[in-house]
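Structure, as structure tokens:
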Amino acid sequence: MESNQEKSQPATAIVIMAAGKGTRLKSKRPKVLHEIGGKPLLQHVIAAASKVVAPHDVVVVIGHQADLVRAAVEQTGVRFVEQTEQRGTGHAIQCAAESIAGYENFVVLSGDAPLVQPATIEALLKFHLEQRAAMTLVSADLPDPMNYGRVIRKSAASVEVEAIIEQKCLEPDQLALREINMGMYAFKTAPLLAHLGQLKTENPHGEYYLTDMARLLQTAGERVVAFKSDDFEQLLGVNTIAELAALDASLRGQTARRLMDSGVTIFKPETCVIDTDVEVAADTVIEPFVQLLGQTRIGAEARIRSYTVIENCTLGDNVLVRQSCVLSDSTVGNGASIGPFAHLRPGSEIGESAHVGNFVETKKARLGKGAKASHLTYLGDADVGEGTNIGAGTITCNYDGVNKHQTHIGKNAFVGSDSTLVAPVTVGDGAYIGAGSCITKDVPADALAVGRGRQVIKENWAAERRARRETGNVHS
Ligand code: UD1
Ligand code: CA
């Protein structure tokens with residue numbers, strides 16, 4: 001990404017306030033790490049900010065469970081400052097003062113308002129610069145303004161703002177005001193820093209309110225303006241689990257629409273759980289009640305049948321995943337079919353046109369092109385060559401109670417039903433294993449291995465037993 005300094009605009013930083021506890025969530029986890037669309041709230045905000053400025057120009061204020069929050073988003077390359085005691089939004093910016101001092105302007109976002117779009121941040125900045133304002137706040141007319149700070153304009157028609165008044169500080173005649181402060185701002189750094197130390201804590205929470213900067217700057221003769229948004233839903237924050245669920249639904253709705261717009265068919269999209277980063281190619285069909293999670297990629301003309309959960313997997317074109325499968329951290333080649341009721345555990349690589357059937361479990365298992373394990377099988381720490389058929393009920397015994405061992409099965413081999421392969425063991429290309437075998441020694445290519453008790457025939461045994469019962473000589 002182009003860095004700030006290379007742009008013609010004056011240098012801009014983005015501060016994301018994420019130090020609060022989120023008391024109303026009643027959760028042990030810090031609020032900004034609660035997830036929507038499969039990613040922490042804060043990660044959504046960082047992603048939007050990083051599309052407007054370089055990650056290095058994004059400063060995240062952390063405090064409550066700072067280590068946990070830092071670890072969760074560190075890989076984004078943003079900078080962090082710590083607010084060890086959370087003494088309000090104004091105090092959060094005081095903690096970031098040193099980090100932003102070198103920038104001409106900075107934007108403030110909340111780590112708990114995850115739907116904010118890069119275009120909105122850019123529009124705010126543009127407005128702020130055009131207005132030559134010291135402070136620009138984003139406002140909106142809300143149907144229910146309860147609990148938000150209200151915007152007091154200098155006059156109804158004026159772009160200029162006199163003050164922001166928090167809910168608990170409203171005079172009775174201000175209660176009807178519907179224009180609220182969305183908690184997103186742009187500041188010119190110099191005047192903000194010049195007056196930031198004047199914030200007081202004489203308010204019902206005993207906190208330093210960033211919102212008080214509006215009156216402070218305005219009184220000092222600086223220009224404070226409001227940038228009204230008509231898309232307040234994009235700017236809503238999360239304060240309760242119910243609000244979290246609502247934003248999650250809204251974001252997943254957007255993801256489903258993005259996929260449908262690119263040619264994916266999703267039946268009853270409202271029943272599907274699709275994470276934000278999932279990619280699906282055109283002409284693939286997703287049936288109701290499917291979950292596609294994490295970094296999942298699915299090719300074209302595939303079909304994912306109901307009740308399947310796929311997490312961090314890459315599936316090729318024309319793949320069929322039947323009902324009720326669980327696929328995690330695995331890959332599936334073009335034209336392969338999986339399920340129903342199959343379980344691909346991490347590290348499974350299912351080759352082109354291979355088949356993994358019902359009640360088959362794989363883990364760190366590689367199946368070559370056209371290989372088949374159609375029924376009731378466990379393949380762990382195994383590789384299976386192309387064209388090989390694994391009979392029903394085959395088990396790779398990969399674990400000796402202490403260590404895991406590998407099973408290698410060559411190409412075009414045939415493993416008879418109900419075989420157990422005790423690893424480490426190798427079965428050569430084209431070899432046959434008789435049904436019901438317990439294989440503990442390597443099988444050479446093209447050989448037949450049978451490892452089971454010989455069948456015994458006792459002629460007429462059953463008829464004689466029946467006869468004994470009829471004459472009363474048998475009790476059972
Ligand atoms: C704030 C605004 C309010 C606005 C609303 C919009 C203030 C005083 N009020 O209220 O006018 O209508 O947002 O949603 O700013 N945070 C810190 N450190 C702190 C306190 C908070 O980093 O010491 C962070 C929180 O983690 C959160 C953000 O700042 O991400 C906003 O704080 P929050 O307590 O949710 O403010 P609101 O009460 O919603
Ligand atoms: Ca809030």
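Just follow the structure's listing: the first ligand is 1, and inside any ligand the first atom is 1. We number each residue from 1, following the sequence as shown.
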Within-cut-off N or O pair, [X] and ligand 1, under 3.5 Å:
X: G183; value: no
X: V61; value: no
X: Y209; value: no
X: Y148; value: no
X: A92; value: no
X: G88; value: yes
X: V32; value: no

When K363, R345, R366 are each screened for salt bridge (charged side-chain N to carboxylate O under 4.0 Å, His left out) with D381, the one that passes is K363

Under a heavy-atom criterion of less than 4.0 Å, does [X] contact ligand 1?
X: G111; result: yes
X: A18; result: yes
X: T211; result: yes

Give every donor-acceptor pair under 3.5 Å between a side-chain atom in residues 65-73 and any protein atom, sequence neighbours left out.
from: Q65; atom 1: NE2; to: K28; atom 2: O; distance (Å): 2.7
from: R70; atom 1: NH2; to: E82; atom 2: OE2; distance (Å): 3.4

Which is closest to [atom] in terms of heavy atoms, [options]?
atom: atom 31 (C) of ligand 1; options: S110, G90, A19; result: S110
atom: atom 38 (O) of ligand 1; options: H205, M17, E207, R24; result: R24
atom: atom 2 (C) of ligand 1; options: M213, Q167, E166, H91; result: E166
atom: atom 17 (C) of ligand 1; options: Q83, K21, H64; result: Q83

Check ion pair E222-R132 (N to O, under 4.0 angstrom): no

Lys/Arg-Asp/Glu bridge criterion (N-O < 4.0 Å) met for D144, R178: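 R178 and D144: not salt-bridged.
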
Check ligand 1 against G149 and write out every atom of the ligand that is under 4.0 Å from a heavy-atom position of the residue. 3 (C), 4 (C), 11 (O), 12 (O)

Is any side-chain heavy atom of R252 closer than 4.5 Å to one of V273? yes

Between V60 and F80, is the side chain to side chain contact (heavy atoms under 4.5 Å, CB included) condition met? List the steps. CA-CA 5 Å; V60 181; F80 296 91; 4.0 Å; yes

Any ring-ring contact (aromatic ring centres under 6.0 Å, His included) involving residues 318-344? Give me the pairs, sequence neighbours left out, ordered by first then second residue.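 Of all non-adjacent pairs touching residues 318-344, those that pass ring-ring contact (aromatic ring centres under 6.0 Å, His included) are F341-F359.
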
Which of parallel (below 30°), tilted (30 to 60°) and perpendicular (above 60°) describes F127 and F227? tilted

Judged by atom type as modelled, is there a donor-acceptor pair below 3.5 Å linking the side chain of N398 to the main-chain atoms of K404? no

D317 vs E301, test: side chain to side chain contact (heavy atoms under 4.5 Å, CB included). Steps then yes/no. CA-CA 6 Å; D317 299 337; E301 296 182 66; 5.8 Å; no

Applying a 4.0 Å heavy-atom criterion (strictly less than), which segment of R87 is in contact with ligand 1: side chain, backbone, both, or neither?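 The answer is the backbone of R87.
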
